[in-house]
Protein chains: 2
Amino acid sequence: MTPTVFLVDDDDAIRDALSWLLQSRDLNCRSFASAEAFLAQWNSELAGCLLLDIRMGGMSGLELFDRLLELGNRLPVIFLTGHGDVPMAVSSLKKGAFDFVEKPFDDNELVNRVLEAIALDSRRQAAAASSGSLKGRLESLTSRERQVMALILAGKFNKIIADELNISMRTVEVHRAKLFEKMGVRTAVELSQLMSGQPPGP
Amino acid sequence: MTPTVFLVDDDDAIRDALSWLLQSRDLNCRSFASAEAFLAQWNSELAGCLLLDIRMGGMSGLELFDRLLELGNRLPVIFLTGHGDVPMAVSSLKKGAFDFVEKPFDDNELVNRVLEAIALDSRRQAAAASSGSLKGRLESLTSRERQVMALILAGKFNKIIADELNISMRTVEVHRAKLFEKMGVRTAVELSQLMSGQPPGP
DNA sequence: CCAAAAATTGTGGATATCCACAATCCGGCC
DNA sequence: GGCCGGATTGTGGATATCCACAATTTTTGG
């Protein structure tokens with residue numbers, strides 16, 4: 001999905017100016033006049049980032065943020081704020097907000113932060129895709145294969161694994177081969193690297 | 001070293017009250033009336049956390065924070081602030097500050113954050129000690145051993161490694177054995193786990 | 001130049017891993 | 001009951017890893 005800047009602000013003038021700015025920088029932009037309007041369109045597959053005004057009529061920016069967290073939102077959130085409130089800023093950052101920008105803001109500064117937020121979203125997307133693929137493979141393993149895998153990853157020899165599980169070495173070999181096939185690896189080191197998220201190397 | 005709360009505030013009343021509070025909770029506390037006084041005592045081995053007032057005569061809390069970062073400070077820093085300033089809070093958090101507490105604060109709330117900061121410092125200490133030990137071992141490796149290690153971690157067989165390095169398989173075995181000895185592992189999987197920071201397993 | 005470290009290689013033998021081919025048993029499902 | 005997937009095991013043979021014992025060559029530092 002093409003990254004989009006989702007802009008939520010009940011001030012028409014701000015919304016129009018920001019839309020214009022973002023589009024002049026070749027960024028996709030969709031704007032919403034209320035938190036409720038955005039929430040009605042929200043889904044977990046959105047890509048890009050969210051520019052969110054804190055103070056609005058109806059549902060506030062902070063309330064929307066909390067609701068999105070509950071729903072499992074993954075868009076980076078940049079808050080637009082006109083009045084400082086340190087505990088709220090600290091608290092939101094700790095909850096995972098990406099940034100705070102105070103009005104009035106510098107155009108270039110804002111666009112840079114938006115670009116950074118979009119780049120972060122892309123990186124998270126790629127990591128999630130990779131993780132999902134790994135997850136599917138792990139789910140395909142039988143109970144016995146999982147046991148054998150844990151012991152392999154502990155660096156144990158087949159003979160030791162056989163002793164610990166009270167089975168023959170031949171059986172360990174069978175599970176091991178099946179496990180490697182399902183995980184798409186050829187050696188125990190590849191499996192270890194795969195499980196720890198490291199690149200396979202040269 | 002015993003964890004200590006380092007308190008830096010030019011307001012005598014605040015400093016005395018905080019000292020009393022922290023000591024009533026069995027926390028070691030050392031207070032300083034100025035940023036300069038703390039800086040003169042600072043060293044990189046301090047353990048605990050730093051409670052730092054933002055606004056002070058002479059060097060400000062923020063200036064001290066930046067200076068400490070330059071010096072490689074590792075103490076978690078909790079800022080005490082009497083007046084909100086969101087961009088400054090956001091910026092400091094992104095630079096690695098641990099938290100912000102606005103005056104007047106709740107005693108229990110403050111102590112909890114101090115305890116959390118001290119616990120974080122302890123965890124970081126343990127991780128640094130472990131990392132240093134690994135670093136020393138890595139530094140003991142010869143150039144050839146390093147090359148062989150990279151190829152082992154890539155999951156390659158000795159025969160392939162020999163081909164790539166234009167040496168005999170016997171030589172690969174020698175380097176491999178020496179490498180495992182220096183790194184304190186018995187198998188390639190153990191080495192892989194060690195290098196990726198994973199626990200060795202059951 | 002000399003000593004030590006690093007790199008390299010070989011032989012023979014042992015252990016570890018891998019697998020084609022084959023087979024049996026058990027539990028769950030239709 | 002029959003079928004299927006999972007678990008288990010064996011045989012024989014091949015490849016991979018490990019290393020004691022031994023030796024030579026190259027590089028580095030004093």
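Below, chain A is the first sequence line, B the second, and so on; all start at residue 1.
- Counted within 6.0 Å of NZ on Lys178(A), heavy atoms from surrounding residues, nucleotides or ligands total 12 or fewer; the atom is thus considered open.
- What separates CD1 of Ile161(B) from P of dT8(C) is a distance of 13 Å, to the nearest Å.
- Nucleic acid contact for Arg144(B): sugar-phosphate only, since backbone atoms but no base atoms lie under 4.0 Å from a heavy atom of the residue.
- Among the protein residues, Thr171(A) comes within range of the nucleic acid bases, having at least one heavy atom under 4.0 Å from a base atom.
- Side-chain nitrogen and oxygen atoms of His175(B) include none within less than 4.0 Å of the OP1 or OP2 phosphate oxygen of dA6(C).
- Rounding to whole angstrom units, CD of residue Glu173(B) and P of dA7(C) are separated by 17 Å.
- Computed from coordinates, the Leu165(B) CG to dA7(C) P distance equals 11 Å when rounded to whole Å.
- Of the two residues contacting DNA chain D, namely Ala188(B) and Val174(B), the nearest-nucleotide position lying further toward the 5' end is that of Ala188(B).
- Each of Ser140(B) and Asn166(B) was assigned the nucleotide of DNA chain C with the nearest heavy atom; the assignment lying further toward the 5' end belongs to Ser140(B).
- Side chains of Lys95(A) and Val90(A) form no contact here, defined as non-hydrogen atoms less than 4.5 Å apart.
- Taking atom CD of Gln147(B) as the reference point, atom C1' of dA6(C) lies 13 Å away to the nearest angstrom.
- Screening Asp99(A), Val8(A), Leu110(A), Val77(A) for a side-chain contact (heavy atoms from CB on, under 4.5 Å) with Leu51(A), the sole residue that qualifies is Leu110(A).
- Nucleotides of DNA chain D lying under 4.0 Å from heavy atoms of chain B occupy a range whose first and last members, 5' to 3', are dT17(D) to dC21(D).
- Note: Phe65(B) and Phe79(B) meet the aromatic proximity criterion, with ring centroids under 6.0 Å apart.
- Under the 4.5 Å side-chain criterion, counting only non-hydrogen atoms from C-beta, Glu63(A) is in contact with Ser60(A).
- The distance from atom CG of Leu179(B) to atom C1' of dA7(C) is 15 Å, rounded to the nearest whole Å.
- The aromatic rings of Phe32(A) and Phe38(A) sit perpendicular, their planes meeting at an angle over 60°, well past the 30° parallel limit.
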